[in-house]
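Note on naming: letters A, B, ... go to the chains in the order of the sequence lines (proteins, then strands), and numbering restarts at 1 for each one.
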2 protein chains.
Amino acid sequence: MSEKTTIYDIAKALNITAATVSRALNNNPKISQATKKLVLETAAKMNYKQNKLALALKSGRSNTVGVIVPYIDRNFFSSIIRGIEEELYPLGYHVIICQTHEEEGTEIDNINALLNAQVDGILMSVSKHTTQLDHFDHVLKKGVPLVFFDRKKDIKGVSTVTIDDFEGGYTATKHLIEQGCKRIAHLSGDRSLEIYKHRYEGYKKALEDFGLKVNKDHVVQCKNDIAAGHKAIDKFMKLDHRPDAIFSSSDFLALGAIQQLKKNGIKIPEEFCVVGFSNEPFTKFMELSISSVDQSPVLMGNTAAKVFLEQVKDSNVKIEKKVVLSPKLKIRKSSSRS
Amino acid sequence: MSEKTTIYDIAKALNITAATVSRALNNNPKISQATKKLVLETAAKMNYKQNKLALALKSGRSNTVGVIVPYIDRNFFSSIIRGIEEELYPLGYHVIICQTHEEEGTEIDNINALLNAQVDGILMSVSKHTTQLDHFDHVLKKGVPLVFFDRKKDIKGVSTVTIDDFEGGYTATKHLIEQGCKRIAHLSGDRSLEIYKHRYEGYKKALEDFGLKVNKDHVVQCKNDIAAGHKAIDKFMKLDHRPDAIFSSSDFLALGAIQQLKKNGIKIPEEFCVVGFSNEPFTKFMELSISSVDQSPVLMGNTAAKVFLEQVKDSNVKIEKKVVLSPKLKIRKSSSRS
DNA sequence: TTGTAAGCGTTATCAT
DNA sequence: ATGATAACGCTTACAA
């Protein structure tokens, strides 16, 4: 069954040596055209396939990169992976994927497993609950290029690809102000994560720049799900001074908020505007489509892959590159008054 | 920098031989507790990491599987991959992913690349445009387990994990009939693909069973996108005998249809019911949530992984397993009259 | 209990 | 232009 043809089989069949076969296969100049042709033909005939494992062991390069994300079935992450794969596959790289489930322990496991697998690089988005940094140093010490995308930690020698979350928050908030909203609330994820902190800061700055005050009651930190969006609105409804718009750092929160606003009979966008973040597919499919900040995940994946390639090109030169992509606000019905 | 510790380094440090180190590391019984402890300690101290590549080359097993899908950022597929990863990772397997972009040529490339990488198995969903089967035989001839999920070809020796598309079509159509719909149309993808053919057949059978006739004008074969849904409705509107429901073999088609029905002022579900297929995330988020047939992709991934594991357990026994999962109809507003 | 040595499939450095 | 051989890091008979 398992007919594995090696260069030795070809060599034997041709009464030459494996070295010659290898040379023929790798179009090494030191070989006659005649034998080269012969080798190529018999190789095809015997259905020879190069064993990349042996090559990897020999060369020390596996032509494989590891990608670590919290969950692979989240659109944002799978789109990034798509971007990475499409950039790297044509160059002969394989992409191994791991999920952390947002757990630090699993993240550490993943990294170790990938190092064991001798990957040529690790591209990852840091888990929400990661506090230690030892495992990253570990990677660097082994000389394996490490690239963070979206969620990063500040570590010397590690390149990052992120979007400008501050700008995203600023642009979204500015847009709401321009729609005539005066009391703009903010729903955010855990602000110990940089991305949420920056979105919040962008929001604050926009309010400031346009002479609006930040109302503490209007800033809510919560989980990234629909139910949390409901709860946030319930809370707002009890306020004397209710908001008339929300900039949400998550589309799911935004969706939950919209659902609950409707339940309270509030008209969107006439009485209340909402902008989300991430441009999840569903935001544009809704009848009341939701404005959202797009993070161009595929481009982020492409870019992360390119940064990795630069890194690997000059392994002697230590490159630390910080690429910041611009987010794009997608204006839809949930915030279009004009 | 690149401090790669091997068992030889440990051996040297301890004045013993690499074989002994290996034994200690693999808790081989033939070793004294003393040296074993010593080895383990120094291994930890020297930060030893086993090189899986060397192991793979030696053992002939890479502990890696390849997964091939059309696009990784389609929710259905990324969920399957999640299911595969979660089943296989705890057993020490890595998952390499490839995208075909629905092209046969790329599919063949992917398979060859994975074989070169010495994967222990290939789990895949066949590309829409695949007509040749040689590359699959190729895999089998190498003795590499092959498992198809969702989109399959009938090949001897290949296990498959699918859902019962006939049942999905039947259940959805029956549900529409029970809602009182009398003129149920069907939007389908390319029926040269088994999955769409079976959904169509389930639809037909349900109509038959309940004494309804199939109206040829009500069966449309088209692309799986929103625009095609619009067009289908436009066509239906010109008919004398208009349908009063749609069973669509795609959620995107269903969404397009709903959008266009609304444009025509038709009330859903009162005047017209719609059921889609795949249970895309957006279907349940819509204000007018869309009924859909769920394919339980994570379970499908889990199952595909398990089937692979059985295959690999007894590599001498040729197992050909056909697992068919039951689809679950999710009834939502777009078809809830009661 | 430990050491020796072969082998997994390549490529690269020598010779020839 | 080709052959012989070592090396990549590991496991595993076989010997001691």
Would you compute the distance between atom CZ of B:R151 and atom OG1 of B:T130 and round it to the nearest 0.5 angstrom? 9.0 Å
Can we say A:E41 and A:K45 salt-bridge, meaning some charged N sits less than 4.0 Å from an Asp/Glu carboxylate O? no
Bend angle of the helix from C:dT1-D:dA16 to C:dT16-D:dA1 from five-pair axes at both ends, rounded to 10°? 50°
In this structure, how many angstroms lie between the P atom of D:dA1 and the CG atom of A:L38, rounded? 16 Å
For A:S78, does its backbone N or O pair with a side-chain atom of B:S78 as donor and acceptor, under 3.5 Å? no
Aromatic plane relationship, A:Y93 with A:F308 - under 30° parallel, 30 to 60° tilted, over 60° perpendicular: perpendicular
Does A:T20 have a side-chain nitrogen or oxygen under 4.0 Å from the phosphate oxygens OP1 or OP2 of D:dG3? yes
CD1 of B:I31 versus P of C:dT2: gap in Å, rounded? 6 Å
Any donor and acceptor pair, going by atom type alone, linking the side chain of B:D120 with main-chain N or O of B:V65 inside 3.5 Å? no
Do the non-hydrogen side-chain atoms of A:I111 and A:H138 ever get within less than 4.5 Å of each other? no
Between protein and nucleotides 7-11 of chain C, what N or O pairs are separated by less than 3.5 Å?
{"from": "C:dC8", "atom 1": "O2", "to": "B:K58", "atom 2": "N", "distance (Å)": "3.3"}
{"from": "C:dG9", "atom 1": "N2", "to": "A:A54", "atom 2": "O", "distance (Å)": "3.3"}
{"from": "C:dT10", "atom 1": "OP1", "to": "A:Y48", "atom 2": "OH", "distance (Å)": "2.7"}
{"from": "C:dT10", "atom 1": "OP1", "to": "A:N51", "atom 2": "N", "distance (Å)": "3.3"}
{"from": "C:dT10", "atom 1": "OP2", "to": "A:I7", "atom 2": "N", "distance (Å)": "2.9"}
{"from": "C:dT10", "atom 1": "O5'", "to": "A:Y48", "atom 2": "OH", "distance (Å)": "3.3"}
{"from": "C:dT11", "atom 1": "OP1", "to": "A:N26", "atom 2": "OD1", "distance (Å)": "3.3"}
{"from": "C:dT11", "atom 1": "OP1", "to": "A:N26", "atom 2": "ND2", "distance (Å)": "3.3"}
{"from": "C:dT11", "atom 1": "OP1", "to": "A:Q50", "atom 2": "NE2", "distance (Å)": "2.9"}
{"from": "C:dT11", "atom 1": "OP2", "to": "A:S22", "atom 2": "OG", "distance (Å)": "2.7"}
{"from": "C:dT11", "atom 1": "OP2", "to": "A:N26", "atom 2": "ND2", "distance (Å)": "3.4"}
{"from": "C:dT11", "atom 1": "O2", "to": "A:K58", "atom 2": "NZ", "distance (Å)": "3.3"}

Donor-acceptor check, side chain of A:S125 to backbone of A:D150, threshold 3.5 angstrom: yes or no? no
